[in-house]
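By convention here, the first residue in the shown sequence is residue 1. Numbering of ligands and ligand atoms starts at 1, following listing order.
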Amino acid sequence: RVVVGTKVDQNHVNWVTAYNMLTGIRFVVSRTNAKMDRPLTDIDFEARHKFSFDITGNELTPSAKYDFKFKDYAPWVFRHLRTKFRLDPADYLMSLTSKYILSELGSPGKSGSFFYFSRDYKYIIKTIHHAEHKFLRKILRDYYEHVENNPNTLLSQFYGLHRVKIPYGRKIHFVVMNNLFPPHRDIHQTFDLKGSTIGRDFKEEDLESNPRATLKDLNWLRRGLHLEFGPSKTQIFISQMEQDVRLLQRLKIMDYSLLIGIHDLQKGNEENLRDKTLQVFQPGGERNEEPQNSMLLRTPSKLENARKARELREIIKKEKPIPMDKSSNKMPDEILERKHFAFYGDDGGFRATHEDDKPGELIYYLGIIDCLTHYGMLKKAEHFWKGLYHSKTQISPIPPEGYGERFLQFITSNTKSKEEAERAKHSMPSE
Ligand code: ATP
Ligand code: CA
Ligand code: CA
C-alpha cells in the first residue's frame, strides 16, 4: 500500500486513545450484535449507553489494559445502518480489533480532527468536535431515512458514533466511516472539491515534495479535468448528487466536499512498486499555522514514516495478502461486497465511461465528505468577515442553500465524457 499513515503502536503518543477506541467499539458492537434483530423505535435514535472499563473488569465489561469510560450512541440505528451498507458484522469487528494496529494519518486539518485507518484500510475513525457530535445525533433520523431511500447515497457512510474518556482526560467524540479509497489500487490523484475558488488552491510548487497531496478546485480547473462519464453514468451520478445535496441544504449543512481519488488503469499499480517514498496523507490541509499542541501531534519525519510504513506493509502482507501486481487485478473480498452499490461497484469505485457508455481508462473513488458542519456552528462569523473582502458567491462559507447550489453547479458542469469535453474545448472562442 502506498497511502499509509503512522502506525499506532505502543510507543505512539495516541496509542492509549486508539486502544481504548477499539476496545470500546469491539465491546459495544458485539453486545448489540449478540441480540436478536428488531425494528427501530423512536427511542433508538436518542439512546446512549455508558460503560466503564478497568484493568480488573466487572460483571458488565471485560478487563482492559487501561481505565477508561466509553459511551455508545444509538447502537441500534448504527447496527441497522451497517446492514444497509451491507457490512458483514464479523468482518467489521475483525477490522477494528484492538489486537491489530491502526495507522494515524498525517497532521490534523483545520478542524483539528484525527484520522485513523483500520488495519485493512476499509474504515476510518475520525475524531469530531462536540458540536459535530451533537449535530449528528440531531440529524440521525434524517440521515437514516435518507440512506433508506437512497441506497446509493454518496454521503459518508457512518457506521458508529462513540465517545472515549480517560480519567482526567478530555472527552473524545468519534465516528467510524467508510474509507473511500481502496486498499488494492493506487490512487494517482486526489481532489477535494467544493465548487468555490477562493483559497481553494494547493500550491503547485509543493506537489514536488508531496506528489500525492490532496488538490483542490483551482488545481482541478487548471488541469482542465472532468469527471469522465458518458450519458448513462452522468445521469445516475448527477441525480444522486442532487438528492444528497437537497438533504444537506435542508439540514443547513455547509463546507462539505466531493472527495475524488483517481486510479489510472494505464498506470496501474506499478508506480507503486518503484515509488519507495511514503505518501502521508494530510487531512484538512486548509490550515497554514502549526498545530497548537504540536508536542502531542508531532508530525513524524519522512524517514520515520517510511520505516513505519514498511513495517506496516510487512504486517499486512503476512496477515492478508493484497494483490498488488497488475496481472492479478482480483478484488479483495472486502471490495467485492461493494459491488451492490452503483458508485462503488467497479472495483470499489465508479469507472469512467466514454460517450458511447463504453468503459474508460480511469476509476473514480468518490463521495461527499465532511458533512457534519452546521451553518450556525461556526460559519456565520466567517461569512461576515470574508464577505467584506470577497464577492459573496465565491467565498466558501455562504449560507447552505447557496453553498449547495454552487457545489452542484460545479460538479455538474465538470461531469462529461472525454469526447464531449474535447468538443466543448474546440467550440470555445479562442483568446
Ligand atoms: P477541514 O474541516 O479543515 O476541511 P476535517 O478535519 O474536517 O478538515 P475532512 O475534510 O473530513 O477533514 O477530511 C480531510 C481529508 O481527509 C480529505 O480531504 C481526504 O483527503 C481525507 N478523507 C476524509 N474522509 C475520507 C474518507 N471517507 N475516505 C478517504 N479519505 C478521506
Ligand atoms: Ca473538509
Ligand atoms: Ca470539517
Q) Does a sphere of radius 6.0 Å around CZ in Arg223 hold more than 12 heavy atoms from other residues, nucleotides or ligands, not counting ones at 6.0 Å or beyond? A) yes
(Q) Considering Ile124, Thr190, Leu180 one by one, which has a heavy atom nearer to atom 25 (C) of ligand 1 than any of the others? (A) Ile124
Q.
Judged on heavy-atom distance to atom 27 (N) of ligand 1, which of Leu366, Ile369, Leu193, Asn178 sits nearest?
A. Asn178
Name the atoms and distances for all side-chain donor-acceptor pairs under 3.5 Å in residues 71-78, with sequence neighbours left out.
{"from": "Asp72", "atom 1": "OD1", "to": "His162", "atom 2": "ND1", "distance (Å)": "3.0"}

Q: Give me the ring orientation class for Phe70 and Phe68: parallel if the planes are under 30° apart, tilted from 30 to 60°, perpendicular past 60°.
A: perpendicular
Q: May I ask you to check whether Glu145 and Asn149 show a side-chain donor-acceptor distance below 3.5 Å?
A: no
Q. Does the N or O separation between Asp370 and ligand 1 drop below 3.5 Å for any pair?
A. yes
Q: Tell me which part of Thr373 gets within contact of ligand 1: side chain, backbone, both or neither, using heavy atoms under 4.0 Å.
A: neither
Q) Short question: side chain of Asp192, backbone of Lys216 - any donor-acceptor pair under 3.5 Å? A) no
Q: Have a look at ligand 1 and work out which part of Asn179, if any, has a heavy atom under 4.0 Å from it: side chain, backbone, both or neither.
A: both
(Q) Ring-plane angle category for Tyr143 and Phe85, please: parallel below 30°, perpendicular beyond 60°, tilted otherwise. (A) tilted
Q) Looking at Ser113, which atoms of ligand 1 are within less than 4.0 Å of one of its heavy atoms? A) 6 (O)
In residues 225-235, what donor-acceptor pairs under 3.5 Å come from side-chain atoms, sequence neighbours left out?
{"from": "Ser232", "atom 1": "OG", "to": "Asp357", "atom 2": "OD1", "distance (Å)": "3.4"}
{"from": "Ser232", "atom 1": "OG", "to": "Asp357", "atom 2": "OD2", "distance (Å)": "2.4"}
{"from": "Lys233", "atom 1": "NZ", "to": "Asp346", "atom 2": "OD2", "distance (Å)": "2.7"}
{"from": "Lys233", "atom 1": "NZ", "to": "Arg351", "atom 2": "O", "distance (Å)": "2.8"}
{"from": "Thr234", "atom 1": "OG1", "to": "Phe229", "atom 2": "O", "distance (Å)": "2.9"}
{"from": "Thr234", "atom 1": "OG1", "to": "Gly230", "atom 2": "O", "distance (Å)": "2.8"}

Q: Ignoring angles and geometry beyond distance, decide whether Lys126 reaches within less than 3.5 Å of ligand 1 through its nitrogen or oxygen atoms.
A: yes
**Q.** Sub-4.0 Å atoms of ligand 1 with respect to non-hydrogen atoms of Thr214
**A.** 18 (O), 20 (O)
Q) Listed by chain and number, what are the side chain to side chain donor-acceptor pair (under 3.5 Å) partners of Arg31, not counting sequence neighbours? A) none
Q. Taking the non-hydrogen atoms of Tyr365, is any one of them nearer than 4.0 angstrom to ligand 1?
A. no
(Q) Side chains of His184 and Asp347 only: does a donor on one sit below 3.5 Å from an acceptor on the other? (A) yes
Q | Shell of protein N/O/S atoms around the Ca ion (ligand 3), taken as anything under 3.0 Å | A | Asp370 OD1, Asp370 OD2
Q | Check: His129 ring centroid to His173 ring centroid under 6.0 Å | A | no
